[in-house]
Amino acid sequence: MTELERPRTPQRGRPASGHRSVAERTDPRVIRTAQACEQAVVELASQRPVSQITVAELAARAGVTRATFYNHYTSPLQVLVEVLLADLERAHRLEEDRRAEDRYAAPEMLRLATADVADHIERFKAIYQRAVHDPADGGVYEALVRHFTEYAFAFLARCTHPDLPDTGHQVIALFVAHGFAGAIKAWLSDDTVTKADLVDAAVACAPVWWS
């Protein structure tokens, strides 16, 4: 699996935003640049695959110079993946808030969490549809799978269900992640499949210990 979710060793520019210093994350100029680049890449990637977007084009749309862009990012893909992951993380925080409230039964928690992810995909549906259909644009889908893998691995680490299999958690996490991502790909590839169909299928296929 390609290491595209959060580039570890960028060839040019600064590290991914999650690795910036506190001063950088609170600097109004850095924030404005990030917001402008994020909005620009979402607009452009909704029109065509991110693999076809140049740095010059993205910088022009964002109203920044190429040098400023490279001070913060390495590629349009990096910006787009950061936007998508940040939105997914907001969905996961909603899940954690619900878990802390202790108001929902396990089946309802599963359905709500799955629906949150489906809502995310729907918000960026044009981007994901291009990503799964363009062979040169696999970075977005790979980042999604990696995100699900890391989420599943963390879930397994804290799972106390008695039916949790006593086998390699990394393999289980990959199995779950690729299965869920595959279901999303099926939804994006078939107009007759609805978001409700995706949620129902994912919930129905979830193992009993996923609670």
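Heavy-atom basis, side chains included; hydrogens, waters and symmetry copies ignored.
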Query raised in the report: Is R146 paired with E150 through a side-chain N to carboxylate O contact shorter than 4.0 Å?
Result: yes

Requested in this report: Report yes or no: do Y70 and V41 belong to one cluster of Ile/Leu/Val/Met/Phe/Trp/Tyr joined by side chain heavy-atom distances under 4.5 Å?
Outcome: yes

Report task. Classify the ring geometry between H169 and F153 as parallel (under 30°), tilted (30 to 60°) or perpendicular (over 60°). Result -> perpendicular

Requested in this report: Search all heavy atoms of A115 against all heavy atoms of V199 and return the closest pair with its distance.
Outcome: CA-CG2, 4.0 Å

Query raised in the report: Are side-chain heavy atoms of E101 and E96 found at a separation under 4.5 Å?
Result: no

Query raised in the report: How about Y151 and E95: do any of their side-chain heavy atoms sit closer than 4.5 Å?
Result: yes

Query raised in the report: Counting distance only, does the side-chain N/O of D137 pair as donor-acceptor with the main-chain N or O of P49 below 3.5 Å?
Result: no

Query raised in the report: Do any N or O atoms from the side chain of Q78 and from the backbone of T74 form a donor-acceptor pair under 3.5 angstrom?
Result: yes

**Report entry** Straight-line distance of T54 OG1 to L44 CG, nearest 0.5 Å
**Finding:** 8.5 Å

Report task. State yes or no: do F148 and L94 share one hydrophobic cluster built from I, L, V, M, F, W and Y residues joined by side-chain heavy-atom distances below 4.5 Å, directly or via other members? Result -> no

Query raised in the report: Say you draw a straight line from NZ of K185 to OH of Y128; how long is it, rounded to the nearest 0.5 Å?
Result: 14.0 Å

Report task. Find out whether D134 and Q52 are in side-chain contact, i.e. whether some heavy atom of one side chain is under 4.5 Å from a heavy atom of the other. Result -> yes

Report task. Carefully, step by step, assess D87 and R123 under the rule salt bridge (charged side-chain N to carboxylate O under 4.0 Å, His left out). Result -> CA-CA 10 Å; D87 194 72; R123 279 193 291 278; 2.7 Å; yes

Report task. Start with the C-alpha distance between Y73 and V55, add both sets of side-chain angles, then the distance that settles side chain to side chain contact (heavy atoms under 4.5 Å, CB included), and finish with yes or no. Result -> CA-CA 10 Å; Y73 305 104; V55 169; over 6 Å; no

Requested in this report: With the side chain counted from C-beta on, respond yes when V117 and F180 share a heavy-atom pair under 4.5 Å apart, and no when they do not.
Outcome: yes

Query raised in the report: So, for D163 and H161, which heavy atoms are closest and what is the spacing to 0.1 Å?
Result: N-ND1, 3.0 Å

**Report entry** Minimum side-chain heavy-atom gap V176-W210 below 4.5 Å
**Finding:** yes

Query raised in the report: In Å, rounded to the nearest 0.5 Å, how long is the span from CG of L80 to CZ of F124?
Result: 8.5 Å

Query raised in the report: Got H72 and C37 here, is their nearest side-chain heavy-atom distance under 4.5 Å?
Result: no

Query - Co-membership, hydrophobic cluster, residues V42 and L84, 4.5 Å side-chain - result: yes

Query raised in the report: Which value, rounded to the nearest 0.5 Å, describes the distance between R66 atom CZ and L58 atom CG?
Result: 11.5 Å

**Report entry** Test side chain to side chain contact (heavy atoms under 4.5 Å, CB included) applied to R98 and R103, step by step
**Finding:** CA-CA 7 Å; R98 294 190 197 107; R103 292 173 46 206; over 6 Å; no

Query raised in the report: Which value, rounded to the nearest 0.5 Å, describes the distance between R61 atom CZ and I53 atom CD1?
Result: 9.0 Å

Query raised in the report: How close do F155 and W209 get, heavy atom to heavy atom, and via which atoms?
Result: CE2-O, 4.2 Å

Query raised in the report: Quick one: does H147's side chain have a donor or acceptor within less than 3.5 Å of a partner on A143's backbone?
Result: no

Query raised in the report: Is it true that H92 and H120 have ring centroids separated by less than 6.0 Å?
Result: no

Query raised in the report: For D116 and R90, what are the C-alpha separation, side-chain angles and deciding distance, and is it a salt bridge (charged side-chain N to carboxylate O under 4.0 Å, His left out)?
Result: CA-CA 9 Å; D116 287 340; R90 283 190 285 271; over 6 Å; no

Query raised in the report: Is the number of heavy atoms from other residues, nucleotides or ligands within 6.0 Å of CG (D97) greater than 12?
Result: yes

**Report entry** Short side-chain to backbone donor-acceptor contact, R130 and A126, under 3.5 Å
**Finding:** yes

Requested in this report: List the atom of V145, the atom of A181, and the distance in Å for their closest heavy-atom pair.
Outcome: CG2-CB, 3.6 Å

**Report entry** Any S51 side-chain heavy atom under 4.5 Å of L77 side chain
**Finding:** no

Query raised in the report: Shortest non-hydrogen contact from L110 to T114?
Result: O-OG1, 2.8 Å

Query raised in the report: Given side chains that start at C-beta, do those of W187 and D197 come closer than 4.5 Å, heavy atoms only?
Result: no

Report summary line: Between L156 and A173, the two heavy atoms sitting closest are CD1-N, 3.9 Å

Query raised in the report: For residues Q47 and E43, is any side-chain donor paired with an opposing acceptor at under 3.5 Å?
Result: no

Query - Atom pair NZ/CD1 of K125 and I184 - distance to nearest 0.5 Å - result: 11.5 Å

